[in-house]
Amino acid sequence: MMRMMIEVVLKAGLLVSGLMLAGCERPPIESVQTGYRGTGMQQIYNPRTLAEQAGLNAIPAIDAPARVRPGGPTAGDVYQNVKVLNGLSLAEFGRTMNAMTNWVSPVQSCLYCHIEGNFADDSKYTKVVARRMIQMTQHLNSEWKSHVGATGVTCYTCHRGNPLPQPVWFRQPPDTRHPVLGDLAGQNTPARSVGLSSLPNDPFSHYLLSEKDAATIRVAGDTALRTDNNKSTKQAEFTYGLMMHMSNSLGVNCTYCHNTRAFASWEESRPQRATAWYGIRMVRDLNSQYLEPLSATFPELPTGRLGPLHDAAKVNCGTCHKGAFKPLNGAAMAQHYPALLGAVSP
């Protein structure tokens with residue numbers, strides 16, 4: 001009798017354990033080998049996460065090409081105060097403006113930037129910013145092919161139908177605590193853009209804005225012995241925070257760029273590491289030359305455009321990628337809108 005009771009208890013325990021393990025079982029995972037066997041170079045994808053991102057990375061409808069009459073008037077000939085796209089034909093100018101409205105302000109329509117009845121007026125700050133953003137997009141597509149290649153970007157790459165792209169970032173106020181208490185450096189403050197609360201939540205001010213701190217991004221030494229490498233643990237955490245941001249933004253593992261056998265070795269890295277190297281410098285260029293200077297243009301209103309230090313919203317890797325290793329899964333939208341490539345006519 002006792003033996004039977006023991007067997008019943010054991011079977012019940014095994015059943016409960018089995019149910020608990022079944023409940024904790026991870027969802028189906030797909031892996032793709034991207035490097036040599038034995039180096040752990042695999043990309044891990046969760047089908048459920050990819051399904052959730054599918055709608056976010058779907059491209060909008062592409063407007064039909066404009067019918068351009070050779071020798072016809074340009075936008076600058078007909079409209080007043082057209083300063084950037086003035087060389088476009090009337091048809092292509094209207095097509096581009098319509099596309100930008102759908103990409104950036106589909107709810108607010110044209111009046112998000114323009115004043116009804118006086119489209120030439122520049123009194124709305126949104127119009128001044130939009131003009132500068134067109135110039136930034138042209139600059140990005142023409143001068144940073146080392147990162148965007150022939151795919152290019154459009155306003156939709158970042159905005160996705162929202163006036164203010166997400167995510168963006170701002171410079172953070174310095175720690176005002178007494179020096180004896182140390183410097184938190186933004187640690188233990190969860191930030192989705194970095195992903196780990198133990199890391200500094202703002203590596204961007206160091207590496208994606210100023211050239212001054214750019215050289216400190218490399219914290220690993222070149223030799224096995226301690227020589228002239230005086231990088232601190234805090235600097236290593238800032239660098240690691242940026243790497244985690246890039247990994248989360250692209251939805252990839254570290255091995256998307258690096259070889260686990262020798263993380264620092266360029267010779268053994270994947271080609272994607274060079275693309276990322278240019279991407280860091282591209283984002284730094286956009287933030288310092290185009291976005292940060294707009295700080296004085298935005299009004300002192302709770303619009304989400306200014307941070308705690310009254311600086312303009314700036315971009316990082318997640319602003320374009322949004323979880324995909326290529327924005328919009330590599331869809332080449334820019335080729336359909338020559339004005340954003342810097343071209344005058346289609």
* **Any residue meeting ring-ring contact (aromatic ring centres under 6.0 Å, His included) with H321, in chain and number order, not counting sequence neighbours** => none
* Shortest non-hydrogen contact between S31 and I44, atoms and distance -> CB-CD1, 3.6 Å
* To do: Could you tell me if the ring centre of Y290 sits under 6.0 Å from that of H139?
  => yes
* To do: Give a yes or no on whether the backbone of F263 and the side-chain of H258 come within a donor-acceptor separation of less than 3.5 Å.
  => yes
* To do: Go through the steps for L294 and R132 under the test side chain to side chain contact (heavy atoms under 4.5 Å, CB included), then give the verdict.
  => CA-CA 9 Å; L294 285 172; R132 190 60 175 155; 4.3 Å; yes
* In sequence, state the C-alpha distance, the side-chain angles, and the governing distance for M246 and I280, and then conclude on side chain to side chain contact (heavy atoms under 4.5 Å, CB included). => CA-CA 10 Å; M246 296 175 69; I280 292 173; 4.2 Å; yes
* Asked: Are I62 and Y156 linked, directly or through other ILVMFWY residues, by side chains that come within less than 4.5 angstrom of each other?
  -> yes
* Would you name the heavy atoms of R95 and A64 that are closest together and state the gap between them? => NE-O, 2.8 Å
* Asked: With sequence neighbours left out, what residues match Y337 under ring-ring contact (aromatic ring centres under 6.0 Å, His included)?
  -> W103
* Which atom names give the shortest non-hydrogen contact between A120 and N81, and what distance separates them? -> O-ND2, 2.7 Å
* Treating Ile, Leu, Val, Met, Phe, Trp and Tyr as nodes and any side-chain heavy-atom pair under 4.5 angstrom as an edge, say whether M97 and Y112 lie in one connected cluster. => no
* Asked: Quick one: do M244 and Y256 end up in the same hydrophobic cluster if we chain Ile, Leu, Val, Met, Phe, Trp and Tyr together by side-chain heavy atoms under 4.5 Å apart?
  -> no
* Does the pair K234 and V219 meet the rule for a side chain to side chain contact (heavy atoms under 4.5 Å, CB included), with working shown? -> CA-CA 10 Å; K234 182 179 293 186; V219 294; over 6 Å; no
* State yes or no: do V168 and L286 share one hydrophobic cluster built from I, L, V, M, F, W and Y residues joined by side-chain heavy-atom distances below 4.5 Å, directly or via other members? => no
* D311 side chain near L306 side chain, heavy-atom distance below 4.5 Å -> no
* Results of salt bridge (Lys or Arg N to Asp or Glu O under 4.0 Å) for E268 - residues two or more places apart only -> R261
* Would you check if the side chain of T34 reaches a backbone N or O of M41 as a donor-acceptor pair within less than 3.5 Å? => yes
* Donor-acceptor contact present, side-chain T239 to main-chain Q235, <3.5 Å -> yes
* Structure fact -> Note: L291 and N287 closest approach over all heavy atoms is CD1-OD1, 3.3 Å
* So do S89 and T74 actually touch side chain to side chain, heavy atoms under 4.5 Å? -> no
* **Six-ring centre of W277, R273 cation under 6.0 angstrom, axis tolerance 45°** => no
* Describe, in one word, how the ring planes of Y125 and F298 are oriented to each other, choosing from parallel (under 30°), tilted (30 to 60°) and perpendicular (over 60°). => perpendicular
* To do: Using atom types as modelled and distance alone, determine if a side-chain donor or acceptor of N253 lies under 3.5 Å from a backbone N or O of Q42.
  => yes
* Asked: What are the two closest heavy atoms between L250 and C317, and how far apart are they?
  -> CD1-CB, 4.4 Å
* Would you confirm whether Q138, through its side chain, and A339, through its main-chain N or O, come within 3.5 Å as a donor-acceptor pair? => yes
* Under 3.5 Å, is there a donor-acceptor pair linking the side chains of S205 and Q172? -> no
* To do: Kindly indicate, with the supporting measurements, whether the criterion side chain to side chain contact (heavy atoms under 4.5 Å, CB included) is fulfilled by M282 and L208.
  => CA-CA 9 Å; M282 179 193 75; L208 299 183; over 6 Å; no
* **Side-chain heavy atoms of H114 within contact of K124, under 4.5 Å** => no
* To do: Would you check if the side chain of Q33 reaches a backbone N or O of G35 as a donor-acceptor pair within less than 3.5 Å?
  => yes
* Asked: Any side-chain donor-acceptor pair under 3.5 Å between T101 and N98?
  -> no
* **Cationic N near anionic O, under 4.0 Å, K127 to D122** => yes
* Asked: Does F170 belong to the same Ile/Leu/Val/Met/Phe/Trp/Tyr cluster as L242, with side-chain heavy atoms less than 4.5 Å apart forming each link?
  -> no
* **Ring centers of Y79, F119 separated by less than 6.0 Å** => no
* Under 6.0 Å between the ring centres of Y207 and F238? -> no
